[in-house]
Amino acid sequence: MIASVRAAWFADRRRPAVWTVTATWTILALAFGIGIPYLVHLALAGDPEQADAAESLLAAVLPGQLVTTGIGLFPLFGGAIVVILGALVVGNEYRWGTLNLIFTQRPRRGQVLAGHAVVLCGLTLLIAVLTFGALALVTGLLGVVEGHPAGWPPAADLAGAVAAAWLICTAHASVGWFLAIAFRSTATAIAVGLIWTLVLENAISGLALVLSPLEVVQKVLLAPSSGALAGALGARSQFDGGTPGVMESSGALLPTLVLLGYTLLMFGLGSWLAARRDVG
Amino acid sequence: MGDRFAIELHDVTKRYPGGVTAVDRLDLRVREGEVLGFLGPNGAGKTTTMRMLVGLVRPSSGRIRVLGQPPGTPSQLARVGALIESPAFYPHLSGRDNLRLAARYSGVPDSAVERVLTEVRLSDRADSPYRTYSLGMKQRLGVAAALLKEPSLLILDEPTNGLDPAGVSEMRELLRALGKRGHTVLLSSHVLAEVEQVCDRIAVIDAGRLVAEGTPDELRGALGTGVLLIDAEPVDQAIACLREHDQVRAVEAVDGQLRVTADPALAAVLNRRLVTAGIDVRELRPLRHSLEEAFLELTAAERSDADSADPTAEATDRPEVTTGVNA
């Protein structure tokens with residue numbers, strides 16, 4: 001098992017696509033989380049009638065709201081990007097035919113896939129840490145530029161937010177991972193994964209506002225659960241002027257369990273499918 | 001060559017969804033230490049069979065044992081090196097890194113990577129990305145990966161595909177050396193001259209079924225041409241003498257040699273007849289097929305059988321072939 005993890009890390013860390021996705025997401029997080037709100041703040045700052053809105057926007061890009069600003073980015077934007085990462089990590093094995101190579105070495109197929117899954121979890125942790133690290137750096141700089149005291153959030157809150165972001169990313173990545181195995185294709189997995197998370201689940205969430213029976217369904221969906229977890233950590237929902245994808249939540253337990261369930265189910269199903277199907 | 005079998009397939013069938021039967025009740029055994037040529041036209045089921053031997057594809061029915069174990073188990077894979085169909089590696093990694101990756105999966109030390117790179121003469125380009133490799137270099141890397149584990153059994157599907165003549169020659173030498181070192185090799189190739197030179201035995205499959213099996217000599221000889229080649233002087237007298245024999249169907253002179261259409265079992269009788277008539281006989285031998293001719297005839301016979309609705313056609317039309325170890 002350790003050999004499989006080492007081998008998967010050896011291959012995955014050298015894939016340009018992995019680092020392209022990671023860098024793209026980090027830049028997007030900074031742009032949507034900090035850049036755009038700060039630019040809007042600057043645009044509104046000179047207008048006395050918009051002073052409250054401008055102050056609210058500024059507060060959101062300062063270290064004090066690092067947790068809520070950061071975690072709010074993951075349910076919709078981060079999740080979608082990480083679906084792509086999950087699909088890339090295993091889908092390219094089908095595209096390049098490299099399963100022929102690695103399935104004829106020594107480990108069982110399940111061990112090979114578990115190795116990739118562990119590496120994918122490592123990459124999602126890296127993304128979560130990197131995102132919050134970059135946000136902390138830029139919000140800290142803005143604090144200095146704007147002359148506001150640092151006012152960092154408690155370390156436990158920050159660790160909780162990183163862990164939640166990791167869980168959201170891992171659950172989404174596992175979906176991309178499973179779809180790539182199911183379709184034996186990177187492109188189809190990405191297309192279906194994005195339609196699933198961005199279109200289908202959002203459509204059900206929208207319908208749940210008017211069709212109450214769908215509220216139960218909504219609670220076990222991936223994107224709404226991610227939004228509920230972000231909401232439980234204090235991120236403002238879209239209806240409250242917050243980030244799209246964030247939902248009001250009564251607690252973190254249910255969304256955490258749902259996301260854990262997705263992660264285990266998708267990794268398990270993918271491994272089972274790849275282990276029992278013919279290759280070639 | 002040992003008495004044990006490295007590969008045993010018994011009544012193996014592989015049907016794909018959609019009804020395509022790639023392998024049809026195949027029986028095949030390969031002795032340990034043997035180099036077996038695995039021949040067949042495109043779509044005959046060679047690659048599917050090889051995939052089944054390493055567990056990439058599961059048979060629909062039948063029994064497979066590779067080195068005494070079911071295919072695809074870790075202990076079996078640890079002793080098998082395979083290059084099946086075209087080589088497949090990570091395009092962004094160098095040849096060396098691709099091998100290091102395979103070594104990590106196999107639990108083989110990195111020193112083995114340098115050994116196999118040298119063996120396939122790829123050390124000079126080992127640090128270039130795989131995507132920049134020519135077809136021949138990709139093929140060499142595929143063979144290197146197959147050799148990485150110092151396997152007891154090598155399964156090579158068209159290993160000379162894309163190699164230049166020098167590369168083909170080197171590969172042939174490598175395969176010969178592997179055979180001498182006691183490795184069992186299952187070699188699929190369309191280059192029949194290569195198979196003939198390297199392999200101890202040959203198995204021919206067509207439409208998923210074993211058509212013939214034996215040494216190259218047995219395969220060539222089994223398909224009797226019914227023609228004797230005789231080098232005799234004087235030619236005119238020899239022709240007249242042979243035509244008088246009631247079991248000689250035809251005699252013609254071609255490039256100074258006589259081609260006599262008759263049962264090869266008559267060779268001794270005809271030789272005595274010519275000598276008794278005072279004719280010098282310098283050479284008398286049955287005309288034999290080349291391996292290519294034998295292959296074409298065997299696979300054509302199989303197709304003819306498949307096309308025929310007559311269930312007795314197989315027994316009557318197909319040439320009888322020696323069946324080596326399976327006999």
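Convention: sequence-line order gives letters A, B, ...; per-chain numbering from 1.
Contact detail for A/T98 and B/Y90: the closest heavy-atom pair is CG2-N, 3.7 Å. In this structure, B/G55 and A/R109 approach most closely via the heavy-atom pair O-NH2, 2.7 Å. In plain terms, the two heavy atoms of A/T104 and B/V54 that are nearest each other are CG2-CG2, 3.7 Å. Across B/A102 and A/L101, no two heavy atoms sit closer than the pair CB-CD1, 4.4 Å. A/G97 approaches B/A88 most closely through the heavy-atom pair O-CB, 3.1 Å.
For a residue to count as touching a neighbouring chain, one of its non-hydrogen atoms must lie under 4.5 Å from one of that chain's; by this rule B/L101 touches chain A with backbone and side chain alike. With a 4.5 angstrom heavy-atom cutoff, A/Q111 does not touch chain B via any of its atoms. For A/A275, the part sitting under 4.5 Å from any heavy atom of chain B is the backbone (N, CA, C, O) and nothing else.
Counting heavy atoms of neighbouring residues, nucleotides and ligands inside a 6.0 Å radius, atom CZ of B/R176 exceeds 12 of them. Shown here is A/W196, whose CH2 atom has more than 12 heavy atoms of other residues, nucleotides or ligands within 6.0 Å.
Each of B/P91, B/A82, B/G142 has some count of heavy-atom pairs under 4.5 Å with chain A, and the biggest count is that of B/P91. Counting heavy-atom pairs closer than 4.5 Å to chain B, the top-ranked of the candidates A/R277, A/E93, A/R6, A/R14 is A/R14.
Proximity of A/F10 to B/D97: side-chain heavy atoms (C-beta onward) are separated by under 4.5 Å at one or more points.
A donor-acceptor pair under 3.5 Å is formed between the side chain of B/R51 and the backbone N or O of A/V279. Judged purely by atom type and a 3.5 angstrom limit, B/R104 has no side-chain atom pairing as donor or acceptor with the backbone of A/A8. Judged by distance alone, with hydrogens and angles left aside, the side-chain atoms of A/R15 form no donor-acceptor pair with the main-chain N or O of B/H92 at under 3.5 Å.
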| request: Report the C-alpha distance between A/Q105 and B/L77 in whole Å, list the side-chain angles of each, state the deciding distance to 0.1 Å, and finish with yes or no for side chain to side chain contact (heavy atoms under 4.5 Å, CB included). | output: CA-CA 6 Å; A/Q105 300 309 313; B/L77 289 176; over 6 Å; no
- Query: Taking it one step at a time, do B/I84 and A/N100 satisfy side chain to side chain contact (heavy atoms under 4.5 Å, CB included)?
  - Reply: CA-CA 8 Å; B/I84 297 177; A/N100 282 339; over 6 Å; no
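A distance of 12.0 Å separates CD of B/Q76 from CZ of A/R106, quoted to the nearest 0.5 Å.
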